[in-house]
Participant: 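Could you have a look at this structure, given as structure tokens, before my questions?
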Amino acid sequence: MLSTTYLTLLFAATISAHTAVWAPGMYCRGGADPNVDDPNTNLAVNPLYQHTKEDWWFQHHRGCDAAPPAAGDFLSIPANGEFTVELAHNRAVTTLSYDGTQATDWPDGQQHPEDWDAGEGKCLEDGALHTRNESSQGATAWAISYQSDLKAVTMESLAVFSTKDHTPWKRLATYKVPDLRECAEEGCTCAWLWIPNGCGEPNMYMQGFKCKVTNASPTARPLAAAQVPTYCADDQSKCVQGAKQMLAWHQLEGNNIETPDGTTPTYNTKCGWAEGAQTDIFDITVAQVPTRPTPANTTITSFPGVPASTSS
Ligand SMILES: *[C@@H]1O[C@H](CO)[C@@H](O)[C@H](O)[C@H]1NC(C)=O
Ligand SMILES: *[C@@H]1O[C@H](CO)[C@@H](O)[C@H](O)[C@H]1NC(C)=O
């Protein structure tokens with residue numbers, strides 16, 4: 001049982017919090033200290049603002065890039081399917097802590113009306129969703145790199161593969177997945193991304209995961225190099241098509257987007273992302289050939305583009 005004092009501390013800790021994903025494969029699940037598995041941490045939720053590139057990249061400045069998940073713990077990304085994660089202000093109010101006893105339908109572990117709204121000209125006092133209501137919320141996104149080593153990931157190898165409009169909102173969020181190909185045995189590196197649509201400091205979120213694509217088609221193509229996105233809310237013909245990079249905004253270094261005064265770049269049509277699975281992110285110059293002839297010991301000796309091999 002949790003003591004009253006403890007609960008008071010727990011909820012006090014959530015008040016100044018923001019929002020992050022709590023799911024398998026996450027970095028900083030128990031905080032940044034590898035010797036402590038903190039069930040009441042909110043280290044991963046804090047936004048990124050005016051950092052050097054080295055510092056904002058996968059939350060390096062708070063040590064999260066050096067706090068990987070346990071060996072073998074991956075977020076499963078089902079190719080051509082969907083996956084559901086928890087969005088919350090603190091691990092305490094998710095199913096990753098206290099057997100889920102503090103979790104509700106909402107990211108703060110409290111109860112709210114379905115049409116929760118701060119009212120004209122106001123932002124929700126919750127302070128962590130950075131919005132007036134559900135429809136004014138921006139969007140969140142996931143990106144994937146086929147580099148298993150987080151340090152080897154680059155902006156060009158990390159492509160946004162899924163977006164969800166009007167999130168974060170409820171605790172559970174489901175994202176759709178395009179025809180991603182399989183990761184190497186050591187897994188891929190994924191990032192959860194968000195730029196709030198006003199209601200607070202104009203900052204951004206980038207959170208690291210070890211992930212694996214499941215149910216991948218043997219003929220799935222590799223990603224194309226991720227391009228710099230443009231702000232195209234005023235003219236959709238200016239939107240960049242195909243694989244796009246995460247939005248890097250309001251940092252000291254590494255920014256890749258500027259927007260007109262008073263506007264915010266968002267992982268939605270404002271920057272060229274239609275909601276859902278991003279199906280145009282693949283290198284279509286690569287022939288669709290099986291990446292792994294199976295079984296390995298068949299008599300097939302050549303696939304176009306795949307070296308013939310027989311195991312013995
Ligand atoms: C949500 O907030 C926006 C922005 O303040 C407002 O225009 C809209 O009417 C609100 N939606 C609802 C359903 O109240
Ligand atoms: C694999 O191929 C080799 C060489 O062709 C053959 O001798 C062996 O029996 C095969 N193994 C299996 C399990 O089919």
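These values consider heavy atoms only, across backbone and side chains, with no hydrogens, waters or symmetry-generated copies. Whatever order the structure lists them in is the order used to number ligands and atoms, beginning at 1.
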Participant: Has Lys238 got more than 12 heavy atoms of other residues, nucleotides or ligands less than 6.0 Å from its NZ?
Facilitator: yes

Participant: How about CG on Asp99, more than 12 heavy atoms from neighbouring residues, nucleotides or ligands closer than 6.0 Å, or not?
Facilitator: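 No, CG of Asp99 has 12 or fewer neighbouring heavy atoms, counting only those of other groups under 6.0 Å.
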
Participant: Show the protein residues that qualify under the rule heavy atom under 4.0 Å from an atom of ligand 1, listing them in chain and number order.
Facilitator: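 Contacts of ligand 1 under 4.0 Å: Asp117, Arg132, Asn133, Ser135, Ser136.
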
Participant: Decide whether Asp65 and His60 meet the rule of one side-chain donor and one side-chain acceptor closer than 3.5 Å.
Facilitator: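 Yes, a side-chain donor-acceptor pair sits under 3.5 Å.
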
Participant: Heavy-atom count around Lys212 NZ within 6.0 Å, excluding the residue itself: above 12?
Facilitator: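 Check passes, neighbour count above 12.
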
Participant: Of Trp273, Trp194, Tyr205, which is the lone residue that meets ring pair (Phe, Tyr, Trp, His ring centres under 6.0 Å) with Tyr267?
Facilitator: Trp273

Participant: Who passes ring-ring contact (aromatic ring centres under 6.0 Å, His included) against Phe83, sequence neighbours left out?
Facilitator: Trp142, Tyr175

